[in-house]
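The structure appears below as structure tokens.
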Amino acid sequence: MLLAIIIITAIIIIALLISKLIVTKKEQAFENARRCPENKYYVENADEIIRREKTLKTIRYIVCYTFLVLLAIFMLVPFYWMIVTALKTEAEIELVKPTLFPKVITWSNFRYILDAKYQMSLTTSGKLQFDLFRLMYNTLVVGVFSTIGTLVTTVMAAFAFSRIKFPGREIIFTIFLATMMIPGEMMIIPNYIVVVKYLHGENTYWAMIVPFLISVYYIYLLRQNFRQIPDELYYAAKVDGTSNLKYLFKIMIPIAMPTLITISILKLMGSWNAYVWPMMITSRDDMRLISNGLRQSFTDSEGRSHQGRQMAAAAAVLAPLLIVFVCLRKYIMRGVSRSGIKG
Amino acid sequence: MVEGKKSINFLKAMLYLLPALVLMAIFTFYPLIDTFIISFKEQYDNVTGAYSSIGFENYQRIFSAGNQFVLCLCNTMVIVFASVPVSILLSLLIAVALNSIKPLQRFFQTVFFLPYVTNTIAIGMVFSIVFESHQGLANTIITSLGGSNVNWLGGNIQGVTLGNNLFNPDNALFTPQWFTSMIVLMVYIIWNSLPFKILILLSALQSIDKQYYQAAQIDGTSKFRIFSRITVPLLSPQIFYLLITSFIGAFKEYTSVVAIFGEGAQSVGHRHNMATVVWYIYDKIGSSDATEMGLAAAGAVVLFAIIMFFTAINGYVGKKRVHY
């Protein structure tokens, strides 16, 4: 049903665009005719050419928009199905012929996820199946501290690489960059042994934060940004007797603020998506991060049943990400697109 | 630039680089070397640290017939060579289409970027419900078009398996069930990887000098020729970059498998038929048998070697084909 609505709207939009196109082309043709009325042959010919061009262009537009609309639907369908399933009743989900839109909208699935007391009353095991707020709290603690730490290490390293001339700078930076190509799986085994066996980091927050306090990619990104700041600014500051550290905090960081915001957002989103490492070093349910909690809450005992609850939980996990995206779209998209343009 | 004596500058720089260097030493450089060492330790016990001898036993074990690793490698190769070309081609088409329209461009751009800001596990669970064998959306569409229900993810129905296959000791690869499950995985991986590629290609397209196109227009060049002779060559650095990063990414595919098929990575019985190389590594790290850590290390080294090999090939081809 909704698909039909989307398609119809798309067709209407396309039709409007085409009509607008035709009108402008016609005006152009009249304009041409008005400009050189004595040359009748030219005008007719121009009309002919314009008509042919117009049909070609219209066809091209139709193909283009249809292609984009179809793929946009493909992109949006999972989101749609998630929300619709979460709003259906258990009985409606179990129908052999599923409905594309819930007949009866129920909020009980969302209540189950968001209201711990309600969830408790429905579970028999005596503990929460999916403790959303605990998971969110864990994720935020890990995310915020690792973001702050990453910002500190990144700013310092980027400053050294872009502003201080020291022997071996290029070599060290190249080695840093080379590590980006190495898959993380090469590091994870010794890291696991070191953190769990020697440092007893199992089920602790710091074990989820410290190994990820450094990111070569962000250092690279920020270094590019710092290098764009003209040297003259630095000399001027030096003449005024500014120290290196003061220059860094008063001039370079404010100039590079957009990049720092981008880094923070990407890093926070990263901990929201962190899966493997937290899974390995946590064994207690109350220390899990949100992705692990989501995966592990809805597998073993209940299998594919309670789809509505699963989808409500997935929606609850996605909601903060989407809110951040809506508010800070500019920073996210710029940060991501920057990575493709090599400086 | 900070001028001054070299030695003083060096000390200053080291001070600024200290946190980065310490963290890199502990969590990147030391582990990198240690993984190589562990992979050669035979019967390595990660609890006691004891091992029997140094040799290639771990490598022999992972490549021996009947070991899960061969299956994982096959799956990973299929994922890499099917998903990377399709997603790059598709994103190129979308980017060009997006670039050629004016109205609604920003709207479409946002829609196509949306999958980037999602949680892999959450959307994977959504996909497993979309492709559910009884009431999923995919089967609803297929049946309404006159087809019959497809058992995408194994679900409750007993897996349909075709006789014997020479490739797979445990009869889990290249069966009909494997194919349908792989299609779902592919759709998800492509869905997930499109936004990044579209964004990169679109921003590159928008920075192309319009004069090239105007010149081509004056010469009456056909649209296809413009695409293949102007657009693609001018985008080649970005395409090349995407090729390298998505090759590496596809070799490391793990979370999307776990998201759809659960931590067992299986769509039939207990065969782990959707497992990838990275899944194998994590499975062996978490294994109750402490001596299997060596297998995980050997698997990681093999993965590393494969990635290096493909990156080198890409670099070689890139040097010839990419126009900077």
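The figures here come from the full heavy-atom set of this structure, side chains too, leaving out hydrogens, waters and symmetry mates. Just so we're on the same page: letters track the sequence lines, and every chain starts at 1.
A:Gln307 contributes atom CD, which lies 10.0 Å from atom CE of B:Met125 (distance to the nearest 0.5 angstrom). Summarising the geometry, atom CD belonging to A:Gln310 is positioned 6.0 Å from atom OG belonging to B:Ser128; distances are rounded to the nearest 0.5 Å. Atoms CE and OG1, from A:Met187 and B:Thr35 in turn, are 8.0 Å apart once rounded to the nearest 0.5 Å. With values rounded to the nearest 0.5 angstrom, B:Met14 atom CE is found 5.0 Å from A:Phe166 atom CZ. One finds the CZ atom of A:Phe176 at 4.5 Å from the CG atom of B:Leu21 (value rounded to the nearest 0.5 Å). Going from atom CE of A:Met186 over to atom CG of B:Leu303 covers 9.0 Å, rounded to the nearest 0.5 Å.
Interface remark: B:Val301 contributes backbone and side-chain atoms alike to the contact with chain A (heavy atom separation under 4.5 Å). Interface remark: A:Leu245 contributes backbone and side-chain atoms alike to the contact with chain B (heavy atom separation under 4.5 Å). With a threshold of 4.5 angstrom between heavy atoms, B:Thr118 approaches chain A through its backbone and through its side chain. Contacts between B:Thr245 and chain A at a heavy-atom distance below 4.5 Å are absent for every atom of the residue. Residue contact with chain B, scored on non-hydrogen atoms closer than 4.5 Å, is absent for A:Val324. Of the two parts of B:Tyr282, only the side chain, counted from C-beta on, holds a non-hydrogen atom closer than 4.5 Å to a non-hydrogen atom of chain A. Contacts of A:Thr179 with chain B are made by side-chain atoms alone, with heavy-atom separations under 4.5 Å and no backbone atom involved. Contacts between A:Leu213 and chain B at a heavy-atom distance below 4.5 Å involve backbone atoms as well as side-chain atoms. With a threshold of 4.5 angstrom between heavy atoms, B:Phe112 approaches chain A through its backbone and through its side chain. For chain A, the nearby parts of B:Leu93 are the backbone and the side chain; heavy atoms of each come within less than 4.5 Å. Of the two parts of A:Val194, only the side chain, counted from C-beta on, holds a non-hydrogen atom closer than 4.5 Å to a non-hydrogen atom of chain B.
The nearest pair of heavy atoms linking A:Cys64 to B:Ile101 is SG-CG2, 3.8 Å. The minimum heavy-atom distance between B:Ile285 and A:Met280, with the atom names listed, is CG2-CE, 3.6 Å. For the residue pair B:Phe108 and A:Ala72, the shortest heavy atom distance occurs at CE2-CB, 3.9 Å. Counting all heavy atoms, side chain and backbone alike, A:Ile189 lies closest to B:Ala296 at CD1-C, 3.5 Å. Closest of all the heavy-atom pairs between B:Leu23 and A:Thr153 is CD1-CG2, 4.1 Å. Of all non-hydrogen atoms in A:Phe74 and B:Trp191, the two that sit nearest each other are O-NE1, 3.3 Å.
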task = Apply side chain to side chain contact (heavy atoms under 4.5 Å, CB included) to the pair A:Phe212 and B:Phe27, showing each step before the final yes or no.
result = CA-CA 9 Å; A:Phe212 302 101; B:Phe27 295 109; over 6 Å; no
task = Check the pair A:Arg329 / B:Arg106 against side chain to side chain contact (heavy atoms under 4.5 Å, CB included), numbers first and verdict last.
result = CA-CA 12 Å; A:Arg329 203 178 64 122; B:Arg106 282 178 66 83; 2.3 Å; yes
inquiry  = For a side chain to side chain contact (heavy atoms under 4.5 Å, CB included) check, start with the C-alpha distance between B:Thr110 and A:Phe325, then their side-chain angles and the critical distance, and finish with the verdict.
reply    = CA-CA 10 Å; B:Thr110 311; A:Phe325 175 61; 3.9 Å; yes
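Your options are A:Ile219, A:Val84, A:Val69, A:Ile290, and the one with the most heavy-atom pairs under 4.5 Å with chain B is A:Val69. Of the residues considered (B:Leu194, B:Ile38, B:Val278, B:Leu242), B:Val278 shows the highest number of contacts with chain A, using heavy-atom pairs under 4.5 Å. Most heavy-atom pairs under 4.5 Å with chain A: of the set B:Thr255, B:Ile281, B:Leu104, B:Val258, this distinction falls to B:Val258. Interface summary for chain B: among A:Thr85, A:Ile193, A:Leu76, A:Val276, the most heavy-atom pairs under 4.5 angstrom belong to A:Val276. Note: B:Ala259 leads B:Gly299, B:Ala259, B:Gly286 in heavy-atom pairs under 4.5 Å with chain A. Per-residue counts of heavy-atom pairs under 4.5 Å with chain B were compared for A:Met181, A:Lys197, A:Met82; the largest is that of A:Lys197. No other option in B:Ile248, B:Ile123, B:Leu90 has as many heavy-atom pairs under 4.5 Å with chain A as B:Ile123. Between chain B and the options A:Ala157, A:Pro211, A:Ala160, A:Ala315, heavy-atom pairs under 4.5 Å are most frequent for A:Pro211.
Looking at B:Phe304 and A:Glu185, their side chains never come closer than 4.5 Å, going by heavy atoms from C-beta outward. Inter-residue side-chain proximity for A:Asn191 and B:Tyr30 is flagged as unmet; no heavy-atom pair is nearer than 4.5 Å. A:Val216 has its side chain out of reach of B:Thr28: every pair of non-hydrogen atoms, C-beta onward, lies at least 4.5 Å apart. At least one side-chain heavy atom of A:Leu100 sits under 4.5 Å from a side-chain heavy atom of B:Leu137. Using a 4.5 Å cut-off on side-chain heavy atoms (C-beta onward), A:Tyr192 and B:Met293 make contact. In this structure the side chain of B:Leu114 never reaches within 4.5 angstrom of the side chain of A:Met75, judged on heavy atoms. For the pair A:Ile214/B:Pro19, no side-chain contact is recorded, criterion being any heavy-atom separation below 4.5 Å from C-beta on. For the pair A:Pro183/B:Phe251, no side-chain contact is recorded, criterion being any heavy-atom separation below 4.5 Å from C-beta on.
In this structure, A:Arg60 places its CZ atom where more than 12 heavy-atom neighbours from other residues, nucleotides or ligands lie under 6.0 Å away. Heavy atoms from other residues, nucleotides or ligands lying under 6.0 Å from NZ of B:Lys223 number 12 at most. For A:Phe67, the CZ atom counts as densely surrounded, since its 6.0 Å shell holds more than 12 non-hydrogen atoms of other residues, nucleotides or ligands.
No side-chain donor-acceptor contact under 3.5 Å links B:Asn119 to the backbone of A:Ala314. Formation of a donor-acceptor pair under 3.5 Å by the A:Arg295 side chain with backbone atoms of B:Ile121 is not found in this model. Here the side chain of A:Trp81 pairs no donor or acceptor atom with the backbone of B:Val126 at under 3.5 angstrom.
Checking each of B:Ile37, B:Leu32, B:Asp34 against A:Pro190 for a side chain to side chain contact (heavy atoms under 4.5 Å, CB included) leaves exactly one that passes, namely B:Asp34.
For an aromatic pair to be called close, the ring centres must be under 6.0 Å apart, and A:Phe161 with B:Tyr16 fails this. In this structure, the ring of A:Trp277 has its center no less than 6.0 angstrom from the ring center of B:Tyr254.
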